[in-house]
Amino acid sequence: MMRTRPLKVALLGCGVVGSEVARIMTTQAADLAARIGAPVELAGVAVRRPDRVREGIAPELVTTDATALVERGDLDVVVEVIGGIEPARTLITTAFAHGASVVSANKALLAQDGAALHAVAEEHGKDLYYEAAVAGAIPLIRPLRESLAGDKVNRVLGIVNGTTNFILDKMDSTGAGYQEALDEATALGYAEADPTADVEGFDAAAKAAILAGIAFHTRVRLDDVHREGMTEVTAADFASAREMGCTIKLLAICERAAHGGSVTARVHPAMIPLTHPLASVRGAYNAVFVESDAAGQLMFYGPGAGGAPTASAVLGDLVAVCRNRLGGTTGPGESAYAALPVSPMGEVVTRYHISLDVADKPGVLAQVATVFAEHGVSIDTVRQQGKDGEASLVVVTHRASDAALGGTVDALRKLDTVRGVASIMRVEGE
């Protein structure tokens, strides 16, 4: 039997995502009510610029006083899509204190203060859901938090930023340079006027922190995630990748150490074999590859950003939270019982592709090989091309720690025969 009294929902933010949430709540009101078991009423919308025309939203619902809105005391759910740390953090905690559960898409805040927000939600007996914070429309948080709750997740490897994937895909498919590909991404609306958060890996790092925390039942904050951007990736790197049967992706990698006693979380460009499922992810799409003991290998794929896709994830959370409200219960909160230490990047073990500019004369390869051996880094393959007294030497290693590789590179730079280190890139997905 459906309850006639509506559940009241407040919306914080009415930009690209917020306006889509409001539109779907309005146009699909009957369906949402049937799925939830009660009508859902948009009770207020907090915005910064009230003079804008917002189609489908009654003007009397719009306010610039977000604090007064979340303090009303009659709200069932607050949907936060304004982003950033403040005032979002204060508004969310205030909503909990005044009786509302929260649905958020705020990856930066959750990566930085997720544990504290979960604690406040638990204190007040309320829900905190955030499917839309990672990978847009792709169902990922709930499968990790609920569907795989009885399994042991060992690795999460994914493309979680559509802007960077579009740029790298364009460089790979057309031979364009980084700046040319970025300019096209900006013209098409995939990249912001200031793309720093995307191309320097900040956006992906926040998502990696959230994914690692859920997958490994451990608190992982943004500061725990090693981050490298992709602005130095060149057409020459793609040429080298193709010679190895690989492409290049900006990856978020969260993994449990082989001994099981620690975890790592990192974001950086990496070569990945063309045979790996992630290699075929094109354009601005996202995909996440999950490896667990019982389920084996799973892949989640779809649009990772945009108003409608992200709103889809928000509405999915809204339905779940509203159902919980009707049932007088809450969904799963933070699971951090494992409390595993987060290992530094220096302990991460992977393969490496190193391109060196060297003098084209006898004995250079032997000198380079000696340096690798002295630092305990085993060489898998070597390729050398020389012309007019200069040469390019490409070394692909077996698996080695980041610290060992760093020491090797430092020593290589001291050799008289090494003119410079053209590029260093990790090789993942094997």
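What you see is a predicted model, and the numbers here were worked out from it, not measured in a lab.
Screening residues 245-285 for ring pair (Phe, Tyr, Trp, His ring centres under 6.0 Å), with sequence neighbours left out, gives His276-Phe289, Tyr285-Tyr301. Pairs of residues two or more places apart, or lying in two chains, that qualify as salt bridge (Lys or Arg N to Asp or Glu O under 4.0 Å) and include a residue from residues 254-263 are Arg155-Glu255, Glu255-Arg266. Sorted pairs that involve residues 403-430 and meet ring pair (Phe, Tyr, Trp, His ring centres under 6.0 Å), not counting sequence neighbours, are lacking altogether.
Residues satisfying the side chain to side chain donor-acceptor pair (under 3.5 Å) criterion with Glu86, sequence neighbours excluded, are Arg89, Thr90. Qualifying side chain to side chain donor-acceptor pair (under 3.5 Å) partners for Thr67, counting only residues two or more places apart in sequence or in other chains: none. For Asn165, the side-chain contact (heavy atoms from CB on, under 4.5 Å) test picks out Ile159, Lys249, Val281, with sequence neighbours left out. Applying the side-chain contact (heavy atoms from CB on, under 4.5 Å) criterion to Arg142, with sequence neighbours excluded, gives Tyr129, Glu131, Glu146, Asp317, Ala320. Every residue two or more places apart in sequence or in another chain was checked for a ring pair (Phe, Tyr, Trp, His ring centres under 6.0 Å) with Phe202, and none qualifies. Every residue two or more places apart in sequence or in another chain was checked for a side chain to side chain donor-acceptor pair (under 3.5 Å) with Thr63, and none qualifies. Every residue meeting the side chain to side chain donor-acceptor pair (under 3.5 Å) condition with Lys107, not counting sequence neighbours, appears here in chain and number order: Asp203.
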Side chains of residues 372-381: which donor-acceptor partners sit under 3.5 Å, not counting sequence neighbours?
from   : atom 1 : to     : atom 2 : distance (Å)
His375 : ND1    : Val371 : O      : 3.0
His375 : NE2    : Gly407 : O      : 3.3
Asp380 : OD2    : Arg351 : NH2    : 2.8

Side chains of residues 230-243: which donor-acceptor partners sit under 3.5 Å, not counting sequence neighbours?
from   : atom 1 : to     : atom 2 : distance (Å)
Thr234 : OG1    : Ala236 : N      : 3.3
Thr234 : OG1    : Asp237 : N      : 3.2
Thr234 : OG1    : Asp237 : OD2    : 3.2
Asp237 : OD1    : Ser423 : OG     : 3.1
Asp237 : OD2    : Thr234 : N      : 3.0
Ser240 : OG     : Ala236 : O      : 3.3
Arg242 : NH1    : Asp172 : OD1    : 3.1
Glu243 : OE1    : Arg383 : NE     : 3.0
Glu243 : OE1    : Arg383 : NH1    : 3.4
Glu243 : OE1    : Arg383 : NH2    : 2.6

